[in-house]
Amino acid sequence: MKVFSSPAVKKALDEVIDLFQQETAVEVRAVFEPTSQLLGRIEAREPFDVMIAVSGSFASLGPIIDGSTLTSVARAGIGVAVKDDAPAPDISTAESFIKTIRGAKSVAYSGTGASGAYFETLLEDLGLNEEVGSRATVVKKGYVAEAVVDGTADIAIQQLSELLFVPQAHIVGPLPSELQHYTEFSAAVSASSTRPAEAESFVSFLSSHAAQAKYLQTMLELPTVPAK
């Protein structure tokens, strides 16, 4: 069974898939890419059985997915990371966060993911697009925190669950509440799945207590609305 998934849930999903395979003996192969790139694969008619992506993206898929299986899975907040031996900056309030990014040599953010799109909007709203954005490091592929490890940037902005993938980086914490932005992720079965029963079983498993425990362990949060 082939699963398309956002990398924001990868750390949890790797373990959830293991649990599902142990319970069902169904082999799952996951492809992890940002939602925009997964949509490109679908547009190119690459077959898949289940998609886990930004919730708002499913509306554009129409009959490509089985809408009756659409299930909210988890949500991810955005956080800040620095190199593990660097002093942790103050990001406790909007004012201190703004001071931190204004004083940074370079702020790294994703050029393809939801967190990067939000951060660009935030810079514009704060009037910092030229001051901070002009010297930002836009990471087109991989994990943003790698840019603070190699010294390209001194601040990394990405979803908390993705910052976890770079152990040499220190996660300072989430954005202050007044600037925080959550991205919700949902799952659905492909209308063209060749294994629909198994795919539906997997989507249901994503809302199980065992799966939810893994989300919480990897800095994801549970969705704010019921699964269906």
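Values below: every heavy atom of this structure, side chains too, minus hydrogens, waters and symmetry copies.
- Linking Ile, Leu, Val, Met, Phe, Trp and Tyr whenever their side-chain heavy atoms come within less than 4.5 Å leaves V80 and I171 in two separate clusters.
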- [ ] Take Q159 and L163 through the test side-chain contact (heavy atoms from CB on, under 4.5 Å) and record every step on the way to the result.
- [x] CA-CA 6 Å; Q159 285 158 341; L163 293 175; over 6 Å; no
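- F165 does not carry K10 over the face of its six-membered ring by the limits of under 6.0 Å from the centre and within 45° of the normal.
- Between E184 and R75, no side-chain nitrogen of the basic residue sits less than 4.0 Å from a carboxylate oxygen of the acidic one, so the salt-bridge criterion is not met.
- The CD atom of Q212 lies 6.5 Å from the NE2 atom of H209; values are rounded to the nearest 0.5 Å.
- Open room surrounds CD on E27; 12 or fewer heavy atoms of other groups in view lie less than 6.0 Å from it.
- Residues L216 and V16 share a single hydrophobic cluster, defined by chaining ILVMFWY side chains whose heavy atoms lie under 4.5 Å apart.
- Here the OG-CE distance, from S201 to M1, works out to 7.5 Å after rounding to the nearest 0.5 Å.
- Residue Q37 holds its CD atom at 12.5 Å from CD1 of I42, rounded to the nearest 0.5 Å.
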Task: Steps toward side-chain contact (heavy atoms from CB on, under 4.5 Å) verdict (I78, Q180) - done: CA-CA 7 Å; I78 297 172; Q180 184 57 271; 3.6 Å; yes
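- If you take OG on S193 and NZ on K2, they are separated by 12.0 Å, rounding to the nearest 0.5 Å.
- Taken to the nearest 0.5 Å, the CD1 atom of I52 stands 5.0 Å off from the CZ atom of F202.
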- [ ] Step by step, work out the side-chain contact (heavy atoms from CB on, under 4.5 Å) result for S106 and T137.
- [x] CA-CA 6 Å; S106 181; T137 299; 2.8 Å; yes
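- There is no side-chain donor-acceptor pair under 3.5 Å between S207 and T71.
- Taking all atoms of both residues into account, the shortest heavy-atom contact from G173 to I91 is O-CD1, 3.7 Å.
- More than 12 heavy atoms of other residues, nucleotides or ligands sit less than 6.0 Å from atom CD of E131.
- When hydrophobic clusters are built by joining Ile, Leu, Val, Met, Phe, Trp and Tyr residues whose side-chain heavy atoms come closer than 4.5 Å, directly or via intermediates, F32 is not grouped with V166.
- Nearest heavy-atom pair across A53 and F58 is O-CE1, 3.7 Å.
- With a 4.5 Å cut-off on side-chain heavy atoms, S161 and K11 do not count as touching.
- In this structure, the side chains of V107 and I157 come closer than 4.5 Å at one or more pairs of heavy atoms.
- Heavy-atom minimum distance, D90 versus T100: O-OG1, 2.9 Å.
- Shortest non-hydrogen contact noted between I65 and A188 is CD1-CB, 3.9 Å.
- For K105, the NZ atom sits in a packed shell: over 12 heavy atoms of surrounding residues, nucleotides or ligands are nearer than 6.0 Å.
- Residues V139 and S110 have side chains not in contact (no heavy-atom distance under 4.5 Å, counting atoms from C-beta outward).
- V144 and I155 fall into different hydrophobic clusters, where Ile, Leu, Val, Met, Phe, Trp and Tyr residues are linked whenever their side-chain heavy atoms come under 4.5 Å apart, directly or through other members.
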Can you list, pair by pair, the side-chain donor-acceptor contacts under 3.5 Å of residues 111-124, counting residues two or more places apart and other chains?
unit_1: Y118; atom_1: OH; unit_2: L179; atom_2: O; d: 2.4
unit_1: E120; atom_1: OE2; unit_2: Y109; atom_2: OH; d: 2.8
unit_1: T121; atom_1: OG1; unit_2: A117; atom_2: O; d: 3.1

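- Taking 4.5 Å as the limit, every side-chain heavy atom of M51 sits out of range of all side-chain heavy atoms of S5.
- The number of heavy atoms from other shown groups lying within 6.0 Å of CZ (R135) is above 12.
- Put simply, the side chain of L220 reaches to within 4.5 Å of the side chain of V9, judged on heavy atoms.
- Rounded to the nearest 0.5 Å, atoms NE2 (H181) and CG (L175) are 10.0 Å apart.
- Contact of the K214 side chain with the L19 side chain is registered, since non-hydrogen atoms from C-beta on lie closer than 4.5 Å.
- Here the closest non-hydrogen pair linking A81 and V148 is O-CG1, 4.1 Å.
- F4 pairs by the ring pair (Phe, Tyr, Trp, His ring centres under 6.0 Å) definition with F48, not counting sequence neighbours.
- Under a hydrophobic-cluster definition in which Ile, Leu, Val, Met, Phe, Trp and Tyr are linked whenever side-chain heavy atoms come within less than 4.5 Å, directly or via other members, L13 and V26 are assigned to the same cluster.
- Here side chain to side chain donor-acceptor pair (under 3.5 Å) pairs that include residues 143-157, with residues two or more places apart or in two chains, are D150-T152.
- Shortest non-hydrogen contact noted between G79 and L160 is CA-CD2, 3.6 Å.
- Between the side chain of Q21 and the backbone N or O of V28 there is at least one donor-acceptor pair closer than 3.5 Å.
- Between T93 and S96 the shortest side-chain heavy-atom distance falls below 4.5 Å.
- In this structure, Y215 and L206 have side chains that are in contact, with non-hydrogen atoms separated by less than 4.5 Å.
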TODO: Take I101 and F97 through the side-chain contact (heavy atoms from CB on, under 4.5 Å) test and state the conclusion after the steps.
DONE: CA-CA 6 Å; I101 61 174; F97 172 76; 3.8 Å; yes
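- Taking a 6.0 Å sphere around CD of E43, one finds it holds 12 or fewer heavy atoms contributed by other residues, nucleotides or ligands.
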